[in-house]
Amino acid sequence: MSMNKPLQGVKIIDFTHVQAGPACTQMLAWFGADVIKVERPGAGDVTRSQLRDIPDADALYFTMLNSNKRSLTLDTKTQEGKEVLEKLIKASDVMVENFGPGALDRMGFTWERIQELNPKMILASVKGFSEGHHYEDLKVYENVAQCAGGAASTTGWWKGENSEPTISAAALGDSNTGMHLAIGILTAYIGRMQTGRGQKVAVSMQDAVLNLCRVKMRDQQRLERVGYLEEYPQYPHEMDAFKDKVVPRGGNAGGGGQPGWILKCKGWETDPNAYIYFTVQGHAWAPICDALGKPEWKTDPAYTTPQARQPHINEIFATIEDFIKDKTKYEAVNIFRKFDIPCAPVLSMAELLRDESLRKSGSIVEVQHPVRGSYYTIGSPIKFSELKPEVTASPLLGQHTDEVLEELGYTAQQIQAMHEGKAV
Ligand code: COA
């Protein structure tokens, strides 16, 4: 396997913290970039100490988002610290930050100043809301973004006790925004190859969430035009759900044109994840009937088209549930896969952590850390034929401070003086 790392030689100042920014720079580091994480002396990224499972060891929150990076401690509010950052800006290609609104300007590093220092610099930022937005001054965390970007209002149940807007466990606001930013950075980098100039790249968490809620914006417009959404579980028995012309929460319905639901398998009474997701794909109707032993549904006009089936969809799901009630989720999927039916077991984190296929593909990797020993992390979800990203341990706080300062031309005495002055 060739270990060509396409981003080798790209130097990135990683001025990020928590999750959105670190997820972006970690991915670029896997692909070969030299990512230098700039952290405040003494404390560093807050996630180093958040939700610790081992006293005095960097928390998994930090280690799982900062692998393959170097750590430089720098107090950028001191004169000496600012000078180091200036040198670093001159020597780098990209600077990524996700501070609260205005923090970089207050530090003295406005976009104008950065361009003066290095006209080729790409400055990449994550903020809660985009520039000029009426909420642009707000600080934002994951769940706030899920609410502001349309995910919370369209996730969850539309009736009953737990029918309030619901947050997804997937980091739609944080890591997803970081992935968008990585695309922006690479685009600006290719642009720079053409023009010789850097540029500012920004992704707001609200926009990144909204981008993933595209089908719900589709549904809003359909609803306003047509008055109902025929693939939602409320149709046709609970038409009241559409009366306000606002996309309702759809429970576990599929987001596309194929109805789907979470169905109980053997053991659901005691195992919270003994379920499968089953999709009633339009053109797989005949195989579904064969799999369920319901050949008569293949020709019954009450079932032959998606429109005809929708009024019976709950009855169809109940029939499938009855068919799988004595089968485990794995057995059920093993039956349905033979009929080419899109489905999967609901997998718990415990199952995913131990999944042999994920280990083999590098999607889950074991990493050795000098303080915490071995731990598992999520490897690159992007697979290449020429690059197998190797995940290495996250850096200890300030582990590479002296090394980076030396690379910037500081002498041993100057470095010592900076340590004594607490600038690094
Ligand atoms: N040396 C000196 N000061 C430093 C420093 C360093 N190396 N690194 C950061 N700081 C300072 C900043 O200058 C800023 O100071 P100021 O407010 O006095 O100007 C401060 O530390 C950091 O501020 P901020 O980023 O606002 O931190 P916070 O903990 O109050 O807020 C967030 C955290 C995540 C809410 C906020 O950063 C934010 O909204 N970020 C944008 C959206 C985002 O990425 N959200 C999180 C997704 S995981």
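As the structure lists them, so they are numbered: ligands from 1, and atoms in each ligand from 1.
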Worksheet, complete the sentence: Counting from 1 in the order shown, the ligand 1 atoms closer than 4.0 Å to a non-hydrogen atom of V18 are 48 (S)
Show me, pair by pair, the donor-acceptor contacts under 3.5 angstrom made by side chains of residues 417-424, not counting sequence neighbours?
unit_1	atom_1	unit_2	atom_2	d
H419	NE2	D402	OD1	2.8
E420	OE2	Q416	NE2	3.0

Worksheet item: Does a side-chain N-to-carboxylate-O contact under 4.0 Å join R222 and E230?
Response: yes
Practice prompt. Answer yes or no: is there a donor N or O on one side and an acceptor on the other, between the side chain of K325 and the main chain of G267, under 3.5 Å?
Written response: no
Worksheet item: Nearest to atom 2 (C) of ligand 1 by heavy atom, T76, V126, L104: which?
Response: T76
Worksheet item: When you measure from atom 45 (N) of ligand 1 to every protein heavy atom, which one gives the shortest distance, and what is it?
Response: V140 O, 2.7 Å
Fill in: Numbered atoms and elements of ligand 1 in range of M107, under 4.0 angstrom, heavy atoms
12 (C), 13 (O)
Worksheet entry | Distance under 6.0 Å and angle within 45° of ring axis: K87 vs Y410 | yes
Practice prompt. For W158, check ring-ring contact (aromatic ring centres under 6.0 Å, His included) against everything at least two apart and list the hits.
Written response: none
Discussion item. Taking I364's backbone N and O only, do any of them form a donor-acceptor pair with Y376's side chain (distance below 3.5 Å, no angle check)?
Written reply: no
Discussion item. Would K327 and F323 count as a cation-pi pair here, with the cationic atom under 6.0 angstrom from the ring centre and within 45° of the axis?
Written reply: yes
Practice prompt. Indicate whether atom 23 (O) of ligand 1 is within a distance of less than 4.0 angstrom of some protein heavy atom.
Written response: no
Worksheet item: Of all the atoms in ligand 1, which lie at a distance below 4.0 Å from a heavy atom belonging to G100?
Response: 24 (P), 25 (O), 26 (O), 36 (C), 37 (O), 38 (C), 39 (O), 40 (N)
Worksheet item: Ring centroid separation for F317 and F278, is it under 6.0 angstrom?
Response: no
Worksheet item: Is N98 in polar range of ligand 1, meaning some N or O pair under 3.5 Å apart?
Response: yes
Fill in: Within reach of ligand 1, part of E142 (heavy-atom separation under 4.0 Å)
neither
Discussion item. List ligand 1 atoms under 4.0 Å from D75, heavy atoms only on the residue side.
Written reply: 1 (N), 2 (C)
Fill in: Close approach of H17 to ligand 1, heavy atoms, under 4.0 angstrom
yes
Worksheet entry | Candidate with minimal heavy-atom separation from atom 41 (C) of ligand 1, of F109, F129, F99 | F99
Worksheet item: Which of the atoms of ligand 1 are close to D174, meaning less than 4.0 Å from one of its heavy atoms?
Response: 47 (C), 48 (S)
Worksheet entry | Backbone of V35 reached by a side-chain donor or acceptor of R70 within 3.5 Å | no
Fill in: Under-4.0 Å salt bridge between D45 and R48
no
Worksheet item: Hey, which atoms in ligand 1 end up nearer than 4.0 Å to a heavy atom of K139?
Response: 26 (O), 28 (P), 30 (O), 31 (O), 35 (C), 39 (O)
Discussion item. Counting only heavy atoms, tell me which of R40, R106, K77 gets closest to atom 15 (O) of ligand 1.
Written reply: K77
Item to complete: Looking only at protein heavy atoms, identify the closest one to atom 33 (C) of ligand 1 and say how far it is in Å.
Response: Y141 OH, 3.5 Å
Worksheet item: What protein heavy atom sits nearest atom 7 (N) of ligand 1, and how far off is it?
Response: L74 O, 2.8 Å
